[in-house]
Structures are given as structure tokens and as C-alpha cells.
Amino acid sequence: KNIEIDENNPNYKVVDQAIYSKDGTVLISSPMAASISIPPTVKKIEDYAFYYNKNMTSIAIPENIETLGEGVFGNCENLTDISFEGQNVKEIEAHCFDSNFSLSVIRLPSSVNKLCAYAFANCRRLQYIYFNGNAPSFGSDIEGTYEDAVFDKCTTNICYLPNDTTWTKDIMVNHGG
């Protein structure tokens, strides 16, 4: 029900039910918080930081974050609203939104240039992904094997800017969904 870390701990601290590195630059974990305001000091969200957080319904990704790590929002079954406050997120790592059953719409900033393997796998209610920039690269290596399946077991509509020539027929097929 409550996360506590001794204030004298040299490595970690707790702020609003989230665990951060002592210097506040890394968000380590937030397994229970229903909402969280990520401070501008955070440069990185650790892999699986919100994994299986069943309480979270919305989150704003601050402009200082460049990568959404592996499995960050995996199995957050009640997460319905994700907003990006800046144009700095470049990569969405493997399994980032895997099995997120409530997310129906996501708007990715133009800075996103890579969607790694299984990034949106099993997001069965995901109806629309809006891309505000060029087509990203799809897939990544997992344990030494190239995987794609970015949209495995997911049927979604990809929306992109008109006249963007980076979105070709070839780029829009074989991603597992």
C-alpha cells in the first residue's frame, strides 16, 4: 500500500509512490501510483518502471525523456491516456506498451524514429496511432535475434501526415498486426 525508503539510503528515494535514483535523474519504478507527475530532473525511465501498474490511468511524458524503455508500460491494463509534452522521444523500446488493454489512441511526436519489437503487441483496443513525423524503423534485436511483430495480435489504424513520402506500402506491412 505504501512505498518507503530510508531517507539516508545513498541510492534511492521515494516521491509520490515512485522510486527514483537519489539524484532524481532516473525513475526506477512506480508499481502502484494511480497518477504521477514526472519531474523535469528525470532523464530516463527505467525498463519496466510501470510494468503491471493496474492503478495508472493516464501519464504525461515530459520533454526531457528521449527513450521509453523496454516494457515501461507493459500490462498497465487501465492506462487510457498517454501524452507527450515535447518532441524528444526518439525510440519506443521492445514491449513498451505490450498487453495494454485499455489504450485506444496514441499520438506519437515527430521525433519518434524507431518502434522496437512487440512495442504495441497485444494492444487489442488500440484503434489509432497518430504519427506526426516520418515513418519510423520497425523491429529490433532481442537476445541476438531480429524480431519485428511491433503490432503482434493488434489491429490498429496508422495515421500519418498527408504527402509524407516516407510512408510507403513496403513500410506498412509485415509488422505482425
Side-chain angles (χ1 to χ4, degrees), residues 27 29-31 33-36 38 44-62 65-162 164-177:
L27 192 158
S29 182
S30 182
S35 66
I36 185 172
I38 301 172
K44 178 182 179 185
I45 300 174
E46 193 64 59
D47 293 351
Y48 300 97
F50 298 96
Y51 195 65
Y52 272 107
N53 181 327
K54 307 245 187 262
N55 300 318
M56 182 168 288
T57 58
S58 66
I59 190 163
I61 308 300
I65 305 297
E66 291 186 4
T67 300
L68 293 181
E70 185 172 326
V72 166
F73 299 106
N75 292 286
C76 290
E77 65 185 40
N78 294 310
L79 184 60
T80 59
D81 184 37
I82 298 168
S83 62
F84 293 86
E85 295 177 342
Q87 296 292 318
N88 291 323
V89 173
K90 293 175 179 43
E91 190 168 320
I92 296 181
E93 290 283 344
H95 302 283
C96 187
F97 295 99
D98 195 344
S99 299
N100 187 310
F101 300 129
S102 295
L103 188 63
S104 63
V105 175
I106 189 166
R107 289 173 173 77
L108 298 176
S110 60
S111 55
V112 173
N113 59 29
K114 185 172 186 174
L115 296 179
C116 293
Y118 304 101
F120 293 96
N122 302 302
C123 291
R124 295 187 176 138
R125 289 191 183 145
L126 186 58
Q127 296 175 15
Y128 295 97
I129 299 177
Y130 291 92
F131 285 89
N132 291 310
N134 293 336
S137 65
F138 294 88
S140 57
D141 284 337
I142 295 180
E143 297 178 12
T145 302
Y146 178 79
E147 303 277 344
D148 189 335
V150 171
F151 303 106
D152 190 42
K153 297 182 182 97
C154 171
T155 302
T156 188
N157 296 291
I158 302 293
C159 303
Y160 54 90
L161 299 172
D164 185 331
T165 59
T166 64
W167 289 94
T168 64
K169 286 182 182 180
D170 291 337
I171 197 80
M172 292 189 279
V173 294
N174 298 325
H175 302 299

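All values below were derived from every heavy atom in this structure, side-chain atoms included, with hydrogens, water molecules and symmetry-related copies excluded. Predicted, not measured: the structure shown is a model, and the values here were computed from it.
For F131 and Y160, the ring centers sit 6.0 Å or farther from each other.
Here the closest heavy-atom approach between residue N132 and residue L161 is recorded as O-CD1, 3.5 Å. The shortest heavy-atom contact between V173 and D170 is CG2-O, 3.5 Å. Here the closest heavy-atom approach between residue I92 and residue V89 is recorded as CG1-CG1, 4.5 Å. For F73 against N100, the heavy-atom pair with the smallest separation is O-ND2, 3.9 Å.
Residue pairs meeting the side-chain hydrogen bond (donor to acceptor under 3.5 Å, both in side chains) criterion with at least one partner in residues 89-98, sequence neighbours excluded, are H95-D98, D98-N122.
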Show me the donor-acceptor pairs, under 3.5 Å and distance only, between side chains in residues 135-144 and residues at least two apart or in other chains.
residue	atom	partner	partner atom	Å
S137	OG	N113	O	3.4
S140	OG	A117	N	3.0
D141	OD1	Y146	N	3.4

Could you pull out every donor-acceptor pair under 3.5 Å between side chains of residues 150-159 and any protein atom, sequence neighbours left out?
residue	atom	partner	partner atom	Å
T156	OG1	L126	O	3.3
T156	OG1	Q127	O	3.2
T156	OG1	Y128	N	3.4
N157	ND2	Q127	O	3.1

For residues 45-53, which side-chain N or O atoms pair as donor and acceptor with protein atoms under 3.5 Å away, sequence neighbours left out?
residue	atom	partner	partner atom	Å
D47	OD1	E70	N	3.0
Y48	OH	E70	OE2	2.7
Y51	OH	N75	ND2	3.3
N53	OD1	N55	N	2.8
N53	OD1	M56	N	2.9
N53	ND2	S30	O	2.8
N53	ND2	A33	O	3.1

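Residues satisfying the ring-ring contact (aromatic ring centres under 6.0 Å, His included) test with F84, not counting sequence neighbours, are none. By the side-chain hydrogen bond (donor to acceptor under 3.5 Å, both in side chains) test, Q87 pairs with S110, sequence neighbours left out. S104 is linked by a side chain to side chain contact (heavy atoms under 4.5 Å, CB included) to nothing, counting only residues two or more places apart in sequence or in another chain. With sequence neighbours excluded, the residues that form a salt bridge (Lys or Arg N to Asp or Glu O under 4.0 Å) with E77 are K54. In this structure, the side-chain hydrogen bond (donor to acceptor under 3.5 Å, both in side chains) partners of D164, at least two apart in sequence or on a different chain, are T166. With sequence neighbours left out, T165 forms a side chain to side chain contact (heavy atoms under 4.5 Å, CB included) with no residue at all.
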